[in-house]
Amino acid sequence: MSDRLFALRLFVRVARGGSFSVAGRAMQLSQPSVSRIISGLEAEVGAALLTRTTRAVSLTEAGSDYLARIEPILAALDEADHAARGTGELRGILRVGVPASLAMRQIIPRLPGFMDLHPGLRVDMTMSDQRQNLVVEGVDVALRFGALPDSSATARKIGTSHRILVASPSYLQRAGVPVSPAELPSHSIVVGPAAMAGWIFQREGRETSVDLDGRLVVNVNEAAATAAVSGLGIACLGRWGCQEEISQGTLVHILPEWALEPMEVNAVFAAGRAAKPSARAFVDYLAKNLVDL
């Protein structure tokens with residue numbers, strides 16, 4: 001690998017990890033060597049790419065723009081190498097963005113099979129229920145629920161998430177069990193990401209909608225499940241995100257005869273560049289191994 005190409009890959013490691021030492025360990029370099037190589041790259045570019053402090057390393061404005069421009073180039077080189085080998089072997093780093101609860105409950109338990117197929121591949125998984133900017137954050141593929149208003153990305157549907165209402169036995173004993181959606185406004189509601197898609201119920205061909213305000217609003221599905229288990233109210237969750245609690249009896253599925261509108265599960269790739277072979281392989285694997293959620 002040329003010195004310049006090595007420096008670019010090292011810069012990406014430092015930028016994404018926010019640390020010279022972490023990047024050095026990954027690439028078997030000492031921290032002073034990392035600092036020297038990055039300083040040489042900045043001298044060649046003619047701009048400061050990183051801001052160094054005693055606690056952290058962060059990108060300058062020029063560094064952010066540089067990172068966004070060079071990552072697609074490095075990805076294209078990886079794809080060219082992959083095509084030239086013609087072996088199907090995947091190498092390098094795959095950066096995946098995925099909602100935290102989905103990652104912990106569904107994706108990671110299925111990950112060993114994928115990683116066994118591709119031992120030369122490293123997966124960097126960013127877990128967040130907030131939607132990432134794929135280009136700025138260098139994400140190769142992101143998994144997202146619901147509609148995709150961002151027209152600057154390309155997507156592939158890989159499944160469907162079925163949403164249900166749940167509450168703890170202690171809450172239902174205290175507040176009563178609702179027998180229809182019309183009774184929900186009189187209850188304490190926990191609003192998490194799965195509830196943001198609206199409260200439209202269907203039963204036997206008829207549809208009804210309910211306007212609900214949450215007494216507790218959280219931006220992470222796992223927190224909504226924890227709040228419901230704690231007796232804070234009724235939560236709308238993906239079935240995949242609370243099946244274990246239902247089996248254990250810490251949550252109860254309420255209004256089971258009323259179906260909430262399901263949400264699509266999409267794999268999203270950044271537009272403007274070809275998807276990495278590893279990203280395509282990862283999505284193919286999930287599409288085969290994720291049943292409807």
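No experiment lies behind these values; they were computed from the predicted model shown.
Side-chain atoms of T60 come within 3.5 Å of backbone atoms of L49 as a donor-acceptor pair (strictly under, hydrogens ignored). Side-chain N or O atoms of S230 include none that pairs as donor or acceptor with a backbone N or O of L232 at under 3.5 Å. A donor-acceptor pair under 3.5 Å is absent between the side-chain atoms of K157 and the main chain of A267, judged by distance alone. In this structure, R203 contributes its side chain and W258 its backbone to no donor-acceptor pair below 3.5 Å. Side-chain atoms of D140 come within 3.5 Å of backbone N or O of R95 as a donor-acceptor pair. Looking only at distances, a side-chain donor or acceptor of T250 sits under 3.5 Å from a matching main-chain atom of E245. Remark: the backbone N or O of R110 is paired with a side-chain donor or acceptor of Y285 at under 3.5 angstrom.
Separating the CD atom in Q243 from the CG atom in L237 is a distance of 11.5 Å, to the nearest 0.5 Å. Taken to the nearest 0.5 Å, the CG atom of L10 stands 6.0 Å off from the CG atom of L29. Atom-to-atom distance recorded for Q31:CD and R25:CZ is 9.0 Å, nearest 0.5 angstrom. The distance from the CD1 atom of I200 to the CZ atom of R163 is 8.0 Å, given to the nearest 0.5 Å. Note that CZ of R156 and CG of L143 are 11.5 Å apart. Values are rounded to the nearest 0.5 Å.
Listed by chain and number, the hydrophobic cluster partners of I73 come to none, as no ILVMFWY side chain reaches under 4.5 Å of it.
Counting only heavy atoms from C-beta outward, the side chains of T160 and V265 never approach each other to under 4.5 Å. A heavy-atom distance below 4.5 Å is not found between the side chains of V96 and T126. Inter-residue side-chain proximity for V220 and P193 is flagged as unmet; no heavy-atom pair is nearer than 4.5 Å. Residues I164 and I246 form a side-chain contact, since some pair of their non-hydrogen atoms from C-beta on lies under 4.5 Å apart. F201 places a side-chain heavy atom less than 4.5 Å from the side chain of V210. Residues R105 and E222 form a side-chain contact, since some pair of their non-hydrogen atoms from C-beta on lies under 4.5 Å apart. Looking at heavy atoms from C-beta onward, V252 lies out of side-chain contact with V177 at the 4.5 angstrom threshold. Between V283 and I158 the shortest side-chain heavy-atom distance falls below 4.5 Å.
Defined by atom type and a distance below 3.5 Å, a donor-acceptor pair is present between the side-chain atoms of W240 and S161.
Pairs of residues two or more places apart, or lying in two chains, never qualify as salt bridge (charged side-chain N to carboxylate O under 4.0 Å, His left out) while including a residue from residues 170-195.
Put simply, the residue from V190, L212, I254, V166 that forms a side-chain contact (heavy atoms from CB on, under 4.5 Å) with I234 is I254. Checking I38, I37, V45, V34 one by one against F11, the side-chain contact (heavy atoms from CB on, under 4.5 Å) holds for a single residue, I38.
For E42 and R52, the salt-bridge test passes: some basic side-chain N is under 4.0 Å from an acidic carboxylate O.
Taking the six-membered ring for Trp, F282 and H118 have ring centres at least 6.0 Å apart.
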- Just do the salt bridge (Lys or Arg N to Asp or Glu O under 4.0 Å) check on K288 and D284 with the steps written out, would you? CA-CA 6 Å; K288 293 177 182 177; D284 288 342; over 6 Å; no
